[in-house]
Amino acid sequence: MFVFQITFTILSCIPLINTILDDDILYDIKWQSELNSPIELRNNFIITSKRKETYSCVLPTLESINTKSTETILLNEIEPLIEKLHSKKQCTYRLDPYWTYELCHGIHVRQYHESKIADKRTIHQEYFLGYYHSNNQDIITTIDNEQVLKIHYKTINNRVIPMLPIRYTDGTQCDINSNRPRETTVFYICHENGNNGVINFQEVSSCQYEMTVASSWICNLPEFSPTESNRHTINCYPQENAPQKPRNLKKLEYEQEQLLSKQGEGAQFTMTSADGTTFIISYRYVNEEKVNDIVNNDVKSSENEQLSSNENILEFVEGFFSGRDCLTGGSGWWRYEICYGKHVIQFHEEQGTRTTIQLGTWNYEKHVEWINTNPKKKSDSDYKQRQYVSLYYTDGDVCELTQMPRVVEVKLRCLTKENKSHVPIMYLVEPESCSYVLGIESSVFCDLIDFTDEDGIPDYDELIKHFREQ
């Protein structure tokens with residue numbers, strides 16, 4: 001049975017008398033089959049979908065739960081384990097499209113970018129995000145004159161995870177933060193198969209970083225054993241011949257699954273230790289219900305959905321190619337945005353302030369000049385072998401490394417497989433310093449090359465005419 005995590009809207013309907021509202025508690029909804037015989041449902045309420053589908057949902061009975069977590073650990077208990085880890089002089093790496101992050105346990109945290117030319121590696125940019133100092137940790141002295149370290153907690157996959165924080169301070173000065181030194185907090189969490197690999201990295205504020213490391217050695221301490229969070233289930237039963245699950249929800253799940261399947265139903269990243277051993281961490285997304293179940297609707301409903309889908313596609317095409325609607329991508333510190341026929345930017349927003357880097361602007365003459373020097377990207381007689389259209393945006397902000405304006409090649413690529421959704425997938429890579437490739441993939445672009453001129457530029461009028469005729 002597929003489990004759907006409901007939002008706070010449903011939570012607001014749950015009686016809170018003698019209960020503790022905790023954001024660590026997850027409320028799930030299970031869409032049950034229709035009851036064969038009428039029974040009295042207690043503590044239930046009726047919900048109706050936009051399609052007038054009615055369900056009777058039974059709310060769980062909640063109880064007050066007092067969970068007591070250990071807030072600190074004695075320094076003399078954890079210090080020998082930390083010293084043993086640091087004595088190994090082990091380094092672990094996290095690879096992102098542009099940056100490489102290096103954690104040398106007990107030494108430093110480093111961020112750098114390197115390129116390989118003629119089998120020679122050259123580091124172009126390098127920042128130290130902090131150095132380890134044993135006397136610069138968050139050590140607390142209790143009233144009993146005992147030294148302890150504070151344990152942090154985070155909920156991951158419905159489990160409350162205790163984490164040991166180790167500070168790395170006095171890194172490279174940060175010019176956007178009053179030249180203060182960069183600093184990283186490394187959080188160690190228990191994982192029985194962990195090999196001190198980096199499983200998460202983020203910049204929580206300007207030049208302040210957090211890194212999460214999965215380790216097996218910390219599992220020897222009971223204070224760092226993960227605890228299960230409480231799950232409460234809301235059971236919903238269809239009424240008045242409604243389908244087991246609302247049709248719009250099934251459609252949304254289908255579109256999400258198709259987007260995930262673009263990544264081969266999962267993804268992976270690598271970590272390499274100082275001795276050259278490479279670890280591949282893989283994960284995949286699984287949906288227990290089969291996609292074929294999505295289409296088990298009546299014919300009229302399917303026709304209406306198809307009409308709505310075509311209207312959405314036309315609206316997307318008109319909005320994007322007219323430059324009216326901009327597309328935004330990225331989930332890290334830096335995000336990116338393209339306004340077709342105008343510009344491509346990279347930006348970061350924090351506390352109402354937006355920092356923007358111009359990666360490129362649209363200039364017809366410079367695009368034509370570029371594509372004439374790259375004839376393989378033109379719409380020639382062999383264009384059917386190519387499933388993307390390339391557009392060149394130039395004259396971005398000057399790059400401090402190359403002292404040249406930034407440039408970006410925008411690739412509008414056909415998203416094939418079984419994915420029929422027009423929802424685009426975006427990525428931004430930097431194969432050379434300040435020279436970018438922005439990929440936008442969608443099923444809408446599969447016929448795009450048929451409507452480009454000799455310079456590879458889409459013909460807006462012909463494109464709109466094509467989608468209106470569909």
Side-chain angles (χ1 to χ4, degrees), residues 95-101 110-118 120-129 171-182 201-203 205-209 320 323 326-374 377 389-412 426-440 455-457:
L95 309 178
D96 279 357
Y98 184 77
W99 293 109
T100 298
Y101 299 95
R110 182 170 66 124
Q111 173 186 7
Y112 63 91
H113 172 67
E114 66 177 4
S115 63
K116 184 177 181 182
I117 302 175
K120 183 179 180 181
R121 294 185 179 275
T122 303
I123 294 179
H124 297 286
Q125 292 173 278
E126 180 182 59
Y127 302 98
F128 283 89
L129 308 186
T172 306
Q173 288 184 337
C174 177
D175 55 357
I176 63 173
N177 192 19
S178 304
N179 285 324
R180 295 177 180 175
R182 288 170 165 83
F201 179 86
Q202 59 180 335
E203 187 171 5
S205 62
S206 298
C207 300
Q208 300 290 310
Y209 311 90
F320 176 68
C326 302
L327 294 181
T328 302
S331 58
W333 176 260
W334 286 108
R335 304 189 67 197
Y336 45 88
E337 174 187 85
I338 175 173
C339 297
Y340 181 85
K342 298 178 181 177
H343 63 249
V344 179
I345 64 171
Q346 199 172 30
F347 67 92
H348 171 69
E349 293 179 329
E350 184 176 5
Q351 298 178 349
T353 302
R354 190 183 224 202
T355 303
T356 301
I357 298 176
Q358 190 96 346
L359 303 186
T361 57
W362 175 249
N363 183 294
Y364 173 81
E365 289 76 16
K366 292 189 176 181
H367 165 80
V368 172
E369 179 183 351
W370 172 80
I371 206 165
N372 285 332
T373 60
N374 296 272
K377 298 181 183 291
V389 170
S390 286
L391 301 166
Y392 200 55
Y393 286 64
T394 58
D395 298 326
D397 289 341
V398 174
C399 174
E400 60 275 10
L401 294 176
T402 64
Q403 296 302 310
M404 298 288 291
R406 289 172 165 84
V407 295
V408 55
E409 176 186 359
V410 176
K411 286 188 175 183
L412 307 179
M426 302 176 64
Y427 61 87
L428 180 71
V429 295
E430 189 174 1
E432 297 179 11
S433 296
C434 300
S435 178
Y436 308 86
V437 175
L438 173 62
I440 310 174
D455 297 313
I457 301 175

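Owing to the predicted nature of the structure, the values given are computational and were not obtained by experimental measurement. Note that these values count all heavy atoms, side chains included, but never hydrogens, waters or copies made by symmetry.
Using cut-offs of 30° and 60° on the angle between ring planes, the pair Trp99 and His113 is perpendicular. Ring planes of Trp370 and Tyr392: parallel class, angle under 30° (limits at 30 and 60°).
Between the CE atom of Met404 and the CG atom of Asp397 there is a distance of 14.0 Å, given to the nearest 0.5 Å. Rounded to the nearest 0.5 Å, atoms CG (Leu391) and CH2 (Trp362) are 5.0 Å apart. Here the CZ-CD distance, from Arg406 to Glu400, works out to 5.5 Å after rounding to the nearest 0.5 Å. Taking CZ of Phe128 as the reference point, atom CD of Gln111 lies at 11.5 Å (rounded to 0.5 Å). Between the OH atom of Tyr101 and the OH atom of Tyr127 there is a distance of 11.0 Å, given to the nearest 0.5 Å. Expressed to the nearest 0.5 Å, how far CD of Glu203 lies from CD of Gln208 amounts to 8.5 Å.
In this structure, the side chain of Asn179 does not engage the main chain of Gln173 through any donor-acceptor pair within 3.5 Å. The backbone N or O of Lys366 sits less than 3.5 Å from a side-chain atom of Asn363, completing a donor-acceptor pair.
Residues satisfying the side-chain contact (heavy atoms from CB on, under 4.5 Å) criterion with Glu337, sequence neighbours excluded, are Cys326, Thr328, Cys339, His343, Ile345, Phe347, Arg354. Residues satisfying the side-chain contact (heavy atoms from CB on, under 4.5 Å) test with Glu432, not counting sequence neighbours, are Ser435. Taking Tyr427 as the reference, Arg413, Val429, Glu441 meet the side-chain contact (heavy atoms from CB on, under 4.5 Å) condition, with sequence neighbours excluded. For the salt bridge (charged side-chain N to carboxylate O under 4.0 Å, His left out) test, no residue two or more places apart in sequence or in another chain qualifies with Arg182. With sequence neighbours left out, the side-chain contact (heavy atoms from CB on, under 4.5 Å) criterion links Met426 to Leu327, Tyr336, Ile338, Leu438, Ile440. Residues satisfying the side-chain hydrogen bond (donor to acceptor under 3.5 Å, both in side chains) test with Asn372, not counting sequence neighbours, are Lys378.
Looking at Glu126 and Arg110, their side chains come closer than 4.5 Å, going by heavy atoms from C-beta outward. A 4.5 Å side-chain heavy-atom check between Asp455 and Tyr364 finds at least one atom pair inside the cut-off. In this structure the side chain of Tyr436 reaches within 4.5 angstrom of the side chain of Leu428, judged on heavy atoms.
The two residues Pro405 and Gly396 have their closest heavy-atom pair at CB-O, 3.5 Å. The shortest non-hydrogen separation linking Ser390 to Lys411 is OG-CG, 3.7 Å.
Environment of CD in Glu369: sparse, with no more than 12 heavy atoms of neighbouring residues, nucleotides or ligands closer than 6.0 Å.
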